[in-house]
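Report on the following structure.
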Amino acid sequence: MARDISTVGVVGLGTMGAGIAEVLARSGLDVVTVELDEAGVARGRGHLEHSTERALSGGKLDPAGRDALLGRIRYGTSLSDLSEVDLVIEAIPESLGLKADVFAELDKITRPEVVFASNTSSLSITEIGVHTARPGKVVGMHFFNPAPVQKLVEIVKTVVTEPEVVTEAVAFAERLGKVPVVIGDRAGFIANALLFGYLNHAVRMYEQRYVTREDLDAAMRFGCGYPMGPLALLDLIGLDTAYEILDTMYHQSRNRLHAPAPLLKQMITANLLGRKTGRGFYTYDAPDSPNVVASPVVSTVDSVPPRLVSRVGVVGTGTMATGIAEVFAKRGLDVVLRARSLEKAQASVARVKKSLDKAVVRGKLSEEDAASALARITPVTDFEALADVDLVVEAVAEELSVKQAVFAALDEVVRPGAVLATTTSSLPVIECAAATSRPADVLGLHFFNPAPVMKLVEVVSTIATAPDVVATASAVCAAVGKHAVHCGDRAGFIVNALLFPYLNDAVKMLEAHYAGADDIDTAMKVGCGLPMGPFELLDVVGLDVSLAIQRTLYNEFREEGFAPAPLLEHLVTAGRLGRKTGKGFKDY
């Protein structure tokens with residue numbers, strides 16, 4: 001296909017169709033476009049002229065190049081105009097009936113060897129292809145919006161698509177300068193199937209008033225390095241578009257996690273569709289504007305004075321504990337670092353010194369400031385040495401019985417009025433609080449690893465946590481340069497509750513043989529702008545850690561869709577835990 005194509009037909013000149021036509025013409029191909037009527041043609045021509053004008057002003061096209069590009073595109077209102085093209089790409093609205101009618105008509109008009117490609121983002125290619133006499137020559141070519149910019153193209157094969165058609169579709173996408181990935185015919189393909197389950201989960205979290213929209217979006221940006229938070233991304237995509245994709249996915253998968261959150265339907269009914277209408281989860285200064293209108297954030301934290309914190313205790317000697325001790329010490333707080341033995345305490349202080357020395361070498365810290373920070377850390381072995389601290393942060397092993405023993409010991413010695421915090425990433429904070437006689441003084445402070453680098457801290461309140469304890473945690477986070485987000489005490493808090501079901505879904509996709517691990521990773525990095533693909537991330541986190549978190553989520557929420565993927569269980573049993581063992585989803 002890639003060697004023989006010189007003229008391509010594009011059916012539909014909306015945003016996607018016009019973008020695809022531009023991509024084709026940029027690659028030197030002649031393009032024949034078809035719209036329903038002259039008004040549609042005019043709109044499509046407007047899209048192309050506007051897009052190429054932007055490319056011209058941005059220095060990505062010169063005037064001659066723009067003229068040549070636009071000169072390679074012809075416009076029409078009849079499918080018969082496509083009788084001599086070498087390939088057809090359909091980009092009309094997401095309606096199976098409409099697409100089936102177009103493909104059936106094209107089947108009569110074009111040569112028998114011409115391949116038909118649909119740009120659908122969620123509909124079944126199989127169901128579209130059966131309306132032709134050439135289902136073996138029907139594939140999905142799902143471009144991402146905006147097509148001239150986005151590199152990913154999902155090549156979707158059905159059970160009857162001819163292998164050489166898939167091979168040629170991949171080569172053709174590469175000829176266009178795109179990054180193709182191959183996927184079986186399932187709702188949402190790769191990127192949308194993984195992305196929209198995560199987005200829907202975020203809406204449910206917001207809908208339940210578990211977390212504010214600002215904290216939810218900030219958590220995923222600062223905690224995972226995502227380019228946008230889920231609610232801001234939904235506003236960009238359009239809530240109506242998201243609803244249609246989720247609804248299609250649900251009807252195919254019957255997975256309750258794909259059933260659109262009721263709030264989405266309510267917002268669509270109220271015409272709160274996101275950026276395109278000027279209001280969605282956020283309010284914008286005009287329709288189609290990216291500029292959010294600031295709205296007052298109602299916070300109970302600001303209305304309560306925090307307790308004074310100048311001396312901090314850290315319990316533990318692992319990576320997280322030493323990182324947290326470094327964070328506090330660098331910001332001028334005295335730190336008492338408690339370990340089980342003097343050797344462990346001294347080794348932890350040595351790790352802090354090594355980290356501070358690296359910061360000096362990189363020019364991020366002066367030698368004087370590094371020496372001062374190190375001098376503020378006092379290593380101890382007795383809990384009694386924590387008697388006069390204002391805040392204690394526990395960062396021991398992620399085992400409830402171990403943490404409860406620490407909190408019981410702290411309760412015996414730490415002064416009344418001190419705040420007690422756990423860094424747990426998934427265990428119930430209230431269980432730690434219950435081991436003390438002062439549950440109102442206990443909360444979660446979930447730092448992210450590496451603590452000196454990562455900006456996010458999840459402040460987790462139990463049903464017993466006092467308001468001024470939450471205010472104290474927020475003030476401490478601000479004082480040490482961290483971005484605090486607030487949530488209730490339930491499994492996964494914000495980040496892990498959204499991240500790990502998405503990772504688990506990726507494993508299920510792999511074990512169902514719909515796509516390979518490399519293609520899934522590529523789709524999520526290139527198509528969604530994520531810093532790492534799901535399998536790269538799972539191998540970094542550790543498959544055993546990931547499985548433990550997923551089990552915790554499943555045991556708390558009892559959602560069938562949260563059940564750990566059998567493949568994840570098998571790999572952990574086999575000792576393939578990721579980078580730390582040299583083998584996980586990939587070999588190192």
Side-chain angles (χ1 to χ4, degrees), residues 7-82 85 87-95 98-99 101-102 105-106 117-121 141-153 176-178 235-242 244-245 271 273-280 284-291:
T7 306
V8 181
V10 176
V11 183
L13 271 178
T15 305
M16 280 307 305
I20 292 167
E22 181 180 336
V23 169
L24 297 166
R26 274 177 184 261
S27 300
L29 293 157
D30 290 324
V31 185
V32 182
T33 66
V34 175
E35 251 295 350
L36 275 174
D37 50 34
E38 290 298 339
V41 168
R43 279 194 301 273
R45 194 191 294 269
H47 284 312
L48 279 155
E49 289 175 352
H50 180 64
S51 176
T52 53
E53 182 62 40
R54 270 193 322 216
L56 184 66
S57 60
K60 294 178 180 177
L61 268 179
D62 57 30
R66 181 186 186 228
D67 291 343
L69 187 159
L70 294 174
R72 284 192 282 270
I73 302 172
R74 286 180 279 152
Y75 303 89
T77 55
S78 171
L79 290 174
S80 60
D81 294 340
L82 306 178
V85 301
L87 165 72
V88 180
I89 300 174
E90 165 273 312
I92 66 172
E94 290 287 85
S95 160
L98 289 176
K99 290 180 188 286
D101 289 346
V102 165
E105 189 65 25
L106 287 168
S118 175
N119 182 59
T120 180
S121 61
M141 282 192 78
H142 178 215
F143 291 77
F144 284 68
N145 193 25
V149 175
Q150 294 277 31
K151 289 288 189 183
L152 185 70
V153 175
L176 300 178
K178 299 300 182 185
D235 275 359
L236 176 62
I237 292 166
L239 273 61
D240 50 345
T241 302
E244 287 171 11
I245 291 171
N271 201 39
L273 306 184
R275 286 192 190 181
K276 59 187 168 188
T277 58
R279 192 174 165 202
Y284 302 87
D285 58 11
D288 293 317
S289 168
N291 302 317

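What you are looking at is a predicted structure, and each value in this text was computed from that prediction instead of being measured. Start at 1 with the first residue, then count along the sequence.
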Below 4.5 Å, heavy atoms only, C-beta onward: do [X] and [Y] meet side chain to side chain?
X: Val102; Y: Leu98; result: no
X: Leu24; Y: Leu176; result: yes
X: Lys178; Y: Val23; result: yes
X: Thr15; Y: Pro146; result: no
X: Glu53; Y: Arg66; result: yes
X: Lys99; Y: Ile92; result: yes

[X] and [Y]: which non-hydrogen atoms are nearest, and at how many Å?
X: Gly44; Y: Ala18; result: O-CB, 4.1 Å
X: Glu35; Y: Leu13; result: OE2-N, 3.0 Å
X: Leu56; Y: Leu61; result: CD1-O, 3.2 Å
X: Gly76; Y: Asp81; result: CA-OD2, 3.4 Å
X: Thr7; Y: Val32; result: CG2-CG2, 3.9 Å
X: Ala147; Y: Gly19; result: CB-C, 3.7 Å

Is there a donor-acceptor pair under 3.5 Å between the side chain of [X] and the backbone N or O of [Y]?
X: Ser27; Y: Leu29; value: no
X: Thr33; Y: Arg74; value: yes
X: Ser51; Y: His47; value: no
X: Ser289; Y: Tyr284; value: no

Exercise for the section: May I ask you to say whether Asp240 pairs ionically with Lys276, meaning some side-chain N is under 4.0 Å from a carboxylate O? Expected result: yes

Practice task
Give a yes or no on whether Arg72 atom CZ has more than 12 heavy-atom contacts from other residues, nucleotides or ligands under 6.0 Å away.
Solution key: yes

Exercise for the section: Verify whether one side chain among Glu94 and Ser121 offers a donor that lies under 3.5 Å from an acceptor in the other. Expected result: yes

Handout entry: From CZ (Arg275) to OG1 (Thr277), nearest 0.5 Å
Key = 12.0 Å

Problem - Interatomic distance, Leu48 atom CG to Ile73 atom CD1 [nearest 0.5 angstrom] - result: 4.5 Å

